[in-house]
Amino acid sequence: MKNQHHSSRKRHIAKTITWRMVGTIDTILLSWLITGDPLLGLSIGVAEVVTKMLLYYLHERVWFNLNLSKEGEILESRKRHIAKTLTWRLVGTLDTMTLAWIISGDPMAGLQIGLAEVITKMLLYYLHERVWYKSSYGLTKEREHGYE
């Protein structure tokens, strides 16, 4: 049991890092496009690195422990990935809007960046989930089939 939890945390940390790289690049580009200021875009993207990594890791742990199962087995399907996508996007968008507002000093900039991210980040997150679903990195033998 201890090895299983260690393996899942290792996987969640790796997923957190890869998602944050994708998400940060997206945030920087969108923030730059919306504000017209590349330095402001970079500032918003960098600020998100810490908050989003913590929030993403916690989101992964919640979903790992969430029992949406049939007969004691974790329900693994595209529906689960879509549900994870939606819940993560809600958390992520609120974080982006708040940080963009604070850093830019403009609540409308925060709102515009957050709304733009809803579309780009949901697509990117879903693709990220599908890639990780195909990977057995960080899984114990008994968990390799039907994890994410």
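Please read these numbers as outputs of a predicted model, since none were measured by experiment.
In this structure Leu54 satisfies the side-chain contact (heavy atoms from CB on, under 4.5 Å) test together with Leu58, sequence neighbours excluded. Listed by chain and residue number, Thr98 satisfy the side-chain contact (heavy atoms from CB on, under 4.5 Å) test with Ile102 (two or more places apart in sequence, or in another chain). With sequence neighbours excluded, the residues that form a side-chain contact (heavy atoms from CB on, under 4.5 Å) with Trp32 are Leu29, Pro38. Legend: residues meeting side chain to side chain donor-acceptor pair (under 3.5 Å) with Thr96, ordered by chain and number and at least two apart, are Glu48, Lys52, Glu117. Looking at residues two or more places apart in sequence or on another chain, you find a side chain to side chain donor-acceptor pair (under 3.5 Å) between Thr24 and Arg20. Residues that satisfy the side-chain contact (heavy atoms from CB on, under 4.5 Å) test with Leu94, not counting sequence neighbours, are Leu90.
Taking CG from Leu33 and CD from Gln112, the interatomic distance works out to 12.0 Å, rounded to the nearest 0.5 Å. One finds the OH atom of Tyr56 at 10.5 Å from the CE atom of Met53 (value rounded to the nearest 0.5 Å). Between atom CZ of residue Arg89 and atom OG1 of residue Thr120 there is a gap of 7.0 Å, rounded to the nearest 0.5 Å. One finds the CG atom of Asp37 at 10.0 Å from the CG atom of Leu42 (value rounded to the nearest 0.5 Å). Taking CG of Asp106 as the start and CD1 of Ile34 as the end, the distance is 11.0 Å to the nearest 0.5 Å. Atom-to-atom distance recorded for His12:NE2 and Arg9:CZ is 9.5 Å, nearest 0.5 angstrom.
Closest approach of Gly41 to Ser31, counting heavy atoms only: CA-CB, 3.4 Å. Scanning all heavy atoms of the two residues, the minimum distance from Ser104 to Leu40 falls at CB-CD2, 3.9 Å.
For the pair Ile44/Leu30, no side-chain contact is recorded, criterion being any heavy-atom separation below 4.5 Å from C-beta on. Counting heavy atoms from C-beta on, the side chains of Val22 and Lys121 never come closer than 4.5 Å. Here the side chains of Trp132 and His128 are in contact, with some heavy-atom distance below 4.5 Å. Two residues are said to be in side-chain contact when any heavy atoms from C-beta on lie closer than 4.5 Å; Ile13 and Glu60 fail this criterion. In this structure, Trp88 and Trp63 have side chains that are not in contact, with every pair of non-hydrogen atoms separated by 4.5 Å or more.
Checking Leu99, Thr35, Ile103 one by one against Ser43, the side chain to side chain contact (heavy atoms under 4.5 Å, CB included) holds for a single residue, Ile103.
Under the 4.5 Å side-chain heavy-atom criterion for Ile, Leu, Val, Met, Phe, Trp and Tyr, Leu55 and Tyr57 are members of distinct hydrophobic clusters. Tracing side-chain contacts under 4.5 Å through hydrophobic residues (I, L, V, M, F, W, Y), one reaches Met108 starting from Met97; they form part of the same cluster. Hydrophobic clustering (side-chain heavy atoms under 4.5 Å, transitive across Ile, Leu, Val, Met, Phe, Trp, Tyr) groups Val49 together with Ile17.
A cation-pi contact, defined as under 6.0 Å to the ring centre and within 45° of the axis, is absent between Lys15 and Tyr137.
A distance-only check finds no donor-acceptor pair linking the side chain of Asp95 to the backbone of Val91 [under 3.5 Å].
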